[in-house]
Amino acid sequence: MNVNFRVVTQTDWDAIAPMMLGLYQADPSPNLVTQDNVARTLQETIQHPEKLQLIGFSLDHALIGYALLVFYWSNEMGGNVIFIDELFIQAAHRGQGLATQFFTWLEQQFEQQAQAFVLETTPTNTRARALYQKLGFHPYKNQLLIKRQVQVIDNSRAPQ
């Protein structure tokens with residue numbers, strides 16, 4: 001199966017938005033991800049492509065997945081780093097080598113600009129972890145810590 005990878009445009013938003021929400025339904029975040037989050041992210045990709053790109057996975061002109069790339073500089077890595085913040089492939093298309101094709105494309109596309117590629121996965125996502133390690137990703141000695149500036153209230157988890 002040969003998939004095309006391309007920057008998502010505003011005309012793709014209706015197809016991409018449900019996938020972005022679907023990612024967090026399949027693998028919930030400790031933070032509530034809403035349609036408003038998705039709308040702001042989509043808008044940011046248009047307004048600031050130098051820091052954020054949304055790559056669509058297209059099969060026969062239909063979007064079947066996406067990756068959200070964040071660009072930043074790392075003194076430690078000695079240059080530009082691409083953080084793969086989200087990666088989602090529709091369930092019907094998983095296990096067919098599309099993620100491997102994406103990472104091959106990504107490395108070719110950014111071989112001159114990126115010193116490193118970084119991603120994260122939940123500890124329970126053993127299939128993804130095994131794939132990422134097969135592709136050369138490995139755990140790093142530093143652990144991610146986070147402090148939110150804005151407290152997010154998740155009303156969906158409140159007792160009824």
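Just one residue in the list Phe88, Tyr66, Phe102 forms a ring pair (Phe, Tyr, Trp, His ring centres under 6.0 Å) with Phe57, and that residue is Phe102.
In the hydrophobic cluster analysis, where Ile, Leu, Val, Met, Phe, Trp and Tyr join through side-chain heavy atoms closer than 4.5 angstrom, Ile84 is grouped together with Ile64. Linking Ile, Leu, Val, Met, Phe, Trp and Tyr residues whenever their side-chain heavy atoms come within less than 4.5 Å leaves Ile82 and Leu144 in two separate clusters. The same ILVMFWY cluster, assembled from side-chain heavy atoms under 4.5 Å apart, contains both Met19 and Tyr24. Under the 4.5 Å side-chain heavy-atom criterion for Ile, Leu, Val, Met, Phe, Trp and Tyr, Ile89 and Leu135 are members of the same hydrophobic cluster. Transitive grouping of hydrophobic side chains (ILVMFWY, heavy atoms separated by less than 4.5 Å) brings Val7 and Phe110 into a common cluster.
Of all non-hydrogen atoms in Trp73 and Asn80, the two that sit nearest each other are CE3-OD1, 3.5 Å. Summarising the geometry of Val3 relative to Gln101, their closest heavy-atom pair is N-OE1, 3.3 Å, with the distance given to 0.1 Å. In terms of heavy atoms, Thr121 sits closest to Ala128 at OG1-CB, 4.0 Å. When every heavy atom of Leu131 is checked against every heavy atom of Ala99, the shortest pair comes out as CD2-CB, 3.5 Å. Shown here for Gln133 and Pro139, the closest heavy-atom pair between the two residues is NE2-CD, 3.7 Å. Considering all non-hydrogen atoms of both residues, Leu23 and Leu87 come closest at CD1-O, 3.8 Å.
Note: Phe103 and Tyr132 have perpendicular aromatic rings, judged against thresholds of 30 and 60 degrees for the angle between ring planes. The aromatic rings of Phe5 and Trp105 are tilted relative to each other, their planes meeting at an angle between 30° and 60°.
Side-chain atoms of Leu63 and Arg6, non-hydrogen and from C-beta on, do get closer than 4.5 Å to each other. Contact annotation: the side chain of Leu69 approaches that of Leu106 to within less than 4.5 Å [non-hydrogen atoms, C-beta and beyond]. Under the 4.5 Å side-chain criterion, counting only non-hydrogen atoms from C-beta, Glu76 is in contact with Asn142. Within the 4.5 Å cutoff, the side chain of His48 has no heavy atoms near those of the Phe71 side chain.
Summarising the geometry, atom CZ belonging to Arg129 is positioned 8.5 Å from atom CG belonging to Asn125; distances are rounded to the nearest 0.5 Å. Of the inter-residue distances, the one linking Ile55 atom CD1 with Leu68 atom CG reads 9.5 Å to the nearest 0.5 angstrom. To the nearest 0.5 Å, the span separating CG on Leu42 from CG on Leu52 amounts to 9.5 Å. Here Asp85 contributes atom CG and Gln53 contributes atom CD; the two are 13.5 Å apart, rounded to the nearest 0.5 Å. With rounding to the nearest 0.5 angstrom, the CZ atom of Arg40 is 12.0 Å from the CD atom of Gln47. One finds the CD atom of Glu86 at 7.0 Å from the OG1 atom of Thr41 (value rounded to the nearest 0.5 Å).
Atom CG of Asp36 is surrounded by more than 12 heavy atoms from other residues, nucleotides or ligands within 6.0 Å. In this structure, Gln35 places its CD atom where only 12 or fewer heavy-atom neighbours from other residues, nucleotides or ligands lie under 6.0 Å away.
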Test side chain to side chain contact (heavy atoms under 4.5 Å, CB included) applied to Trp13 and Val8, step by step:
CA-CA 8 Å; Trp13 287 5; Val8 167; 4.1 Å; yes

